[in-house]
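Letters A, B, ... mirror the listed sequences (proteins, then strands); counts begin at 1. Since the structure is predicted, the reported quantities are computational estimates derived from the model, not experimental observations.
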2 protein chains.
Amino acid sequence: MAKALREPKDTSAQAIARLREAGLRPTRQRVELAGVLFQSGDRHVTAESLHDEVAQTGVKVSLATVYNTLHQFTEAGLLRQVIVDAARSYFDTNTGDHQHFFVEKEGLLIDIPGESIAVAGVPAPPAGLSVDRVDVVVRVRRN
Amino acid sequence: MAKALREPKDTSAQAIARLREAGLRPTRQRVELAGVLFQSGDRHVTAESLHDEVAQTGVKVSLATVYNTLHQFTEAGLLRQVIVDAARSYFDTNTGDHQHFFVEKEGLLIDIPGESIAVAGVPAPPAGLSVDRVDVVVRVRRN
DNA sequence: CTCACAGTTTAGAATGGTTCTAATTCGTTG
DNA sequence: CAACGAATTAGAACCATTCTAAACTGTGAG
Ligand SMILES: [Mn+2]
Ligand SMILES: [Mn+2]
Ligand SMILES: [Zn+2]
Ligand SMILES: [Zn+2]
């Protein structure tokens, strides 16, 4: 029965360590949000989905704080923003090199490992501009 | 001096033809918008930029009509929507296969010809999903 | 341990792009 | 030229996101 249960202390401890490393005060809200975001594998959330999810754990976090925290985490390099939909912003716990399938109707993002995909033939950008990153979005739909 | 001047009649005639082909009534507003959009080469506009531009020609078109028209043109295949910015929607008169550089700070889109760019290694989408299109956005910034 | 203070959270208002409503105007067809 | 359905429009509504300014809290100096 050792590993079967949740280990809230450990999750909190990890979250707190992560926040300290990022130079962010480990407040109750940030610890909770970090816990939800980072304790399972890679995740894609919107402010609203994260707000709803954290509400279900019983901890009250305002929507303003969810937005603040998502932006702070992004600035700290713990998250990255994914722009695929004109209507909502997604945030991704996978900050490594990778791309996405996007199922528009469901608002669902699915990772494509960075190693598996290659973009060739990108011309040099016009003078005075340099490449920041290359995003690939494979838009898919239900058959 | 034959080709140096604008040819408004011809532009209108072309716009009207284009609208009729698309099954859209050639109203004063749609003809004007089509003129602005399609008389020069490939263009990327937002509702607001198009609204401002058409205002400068002296023709009054409401913002609601600009939005209506952009969507109707998109549905008719005369335009395509480009999603690169969480804050604004762009519409592209180039409906062929191509990709984009995007200068976020300036809201500037630059075409990359479809032939020059190749995306390899896109995995098969998860069961039940099929690929609709593959979008590549090369995010660039001023040096 | 306590206190003070900067940092954080929050409710609610504000913002801004986009969409909707319902009344007016227009294009087309007979 | 009607007459009718389609299109336009002003302004309201919408909705994700951001802002404001007041209350709260983490922290570290004493
Ligand atoms: Mn919610
Ligand atoms: Mn304007
Ligand atoms: Zn991802
Ligand atoms: Zn383009």
Enquirer: Under the criterion ring-ring contact (aromatic ring centres under 6.0 Å, His included), I'd like the reasoning laid out for B:Tyr67 against B:His51: C-alpha separation, chi angles, the key distance, then a yes or no.
Expert: CA-CA 9 Å; B:Tyr67 275 105; B:His51 181 251; 9.1 Å; no

Enquirer: So how far off straight is the helix from C:dC1-D:dG30 to C:dG30-D:dC1, going by the axes through five pairs at either end, to 10°?
Expert: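 Here the helix ends are tilted 20° relative to one another.
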
Enquirer: Distance check, rounded to the nearest 0.5 Å: A:Thr93 atom OG1 versus A:Asp42 atom CG?
Expert: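 Rounded to the nearest 0.5 Å, the OG1-CG separation comes to 4.5 Å.
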
Enquirer: Residues in salt bridge (Lys or Arg N to Asp or Glu O under 4.0 Å) with B:Arg18, at least two apart?
Expert: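 Counting only residues at least two positions away or on another chain, B:Arg18 forms no salt bridge (Lys or Arg N to Asp or Glu O under 4.0 Å).
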
Enquirer: Taking only residues two or more places apart in sequence, or in another chain, which ones meet A:Glu75 in a side chain to side chain contact (heavy atoms under 4.5 Å, CB included)?
Expert: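 With neighbours one apart ignored, the set is empty.
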
Enquirer: So if I define the base as every atom that isn't primed, P, OP1 or OP2, how would nucleotides 7-21 of chain C read as a B/S/- string at a heavy-atom cutoff under 4.0 Å?
Expert: SSSBB-----SBBB-

Enquirer: Specify the residues of residues 74-81 of chain A, ordered by number, for which at least one heavy atom lies under 4.0 angstrom from an atom of DNA chain C.
Expert: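 Contacting residues: none.
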
Enquirer: Identify, with sequence neighbours excluded, every residue that meets side chain to side chain donor-acceptor pair (under 3.5 Å) alongside B:Glu106.
Expert: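 Residues passing side chain to side chain donor-acceptor pair (under 3.5 Å) with B:Glu106: B:Arg142.
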
Enquirer: On DNA chain D, reading 5' to 3', which nucleotide is the first and which the last to sit with an atom under 4.0 Å from a heavy atom of chain B, could you check?
Expert: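 So the contact region on DNA chain D extends D:dG5 to D:dA10.
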
Enquirer: Using the test side chain to side chain donor-acceptor pair (under 3.5 Å), find all partners of B:Gln81 that sit at least two apart in sequence or belong to another chain.
Expert: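 B:Gln81 satisfies side chain to side chain donor-acceptor pair (under 3.5 Å) with B:Ser89 only.
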
Enquirer: Return each pair, listed once, that meets ring pair (Phe, Tyr, Trp, His ring centres under 6.0 Å) where at least one residue sits in residues 101-136 of chain B; pairs must be two or more places apart or across chains.
Expert: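 Qualifying pairs: B:Tyr90-B:Phe102.
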
Enquirer: Tell me, please, which residues at least two apart from B:Arg20 pass side chain to side chain contact (heavy atoms under 4.5 Å, CB included).
Expert: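 Here the qualifying residues are B:Ile16, B:Pro26.
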
Enquirer: What pairs with B:Arg141 under salt bridge (Lys or Arg N to Asp or Glu O under 4.0 Å), at least two apart in sequence or on another chain?
Expert: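 With sequence neighbours excluded, B:Arg141 shows a salt bridge (Lys or Arg N to Asp or Glu O under 4.0 Å) to A:Asp132, given in chain and number order.
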
Enquirer: Report the residues that fulfil ring-ring contact (aromatic ring centres under 6.0 Å, His included) with A:His100, sequence neighbours left out, ordered by chain and then residue number.
Expert: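 Partners of A:His100 under the ring-ring contact (aromatic ring centres under 6.0 Å, His included) test: A:His44, A:His98.
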
Enquirer: Do A:Gln29 and A:Thr69 meet the criterion of a side-chain donor-acceptor pair at a distance under 3.5 Å?
Expert: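 No, no side-chain donor-acceptor pair sits under 3.5 Å.
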
Enquirer: If you count the non-hydrogen atoms of other residues, nucleotides and ligands that lie under 6.0 Å from CD in B:Glu104, is the total more than 12?
Expert: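 Count not over threshold, so no.
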
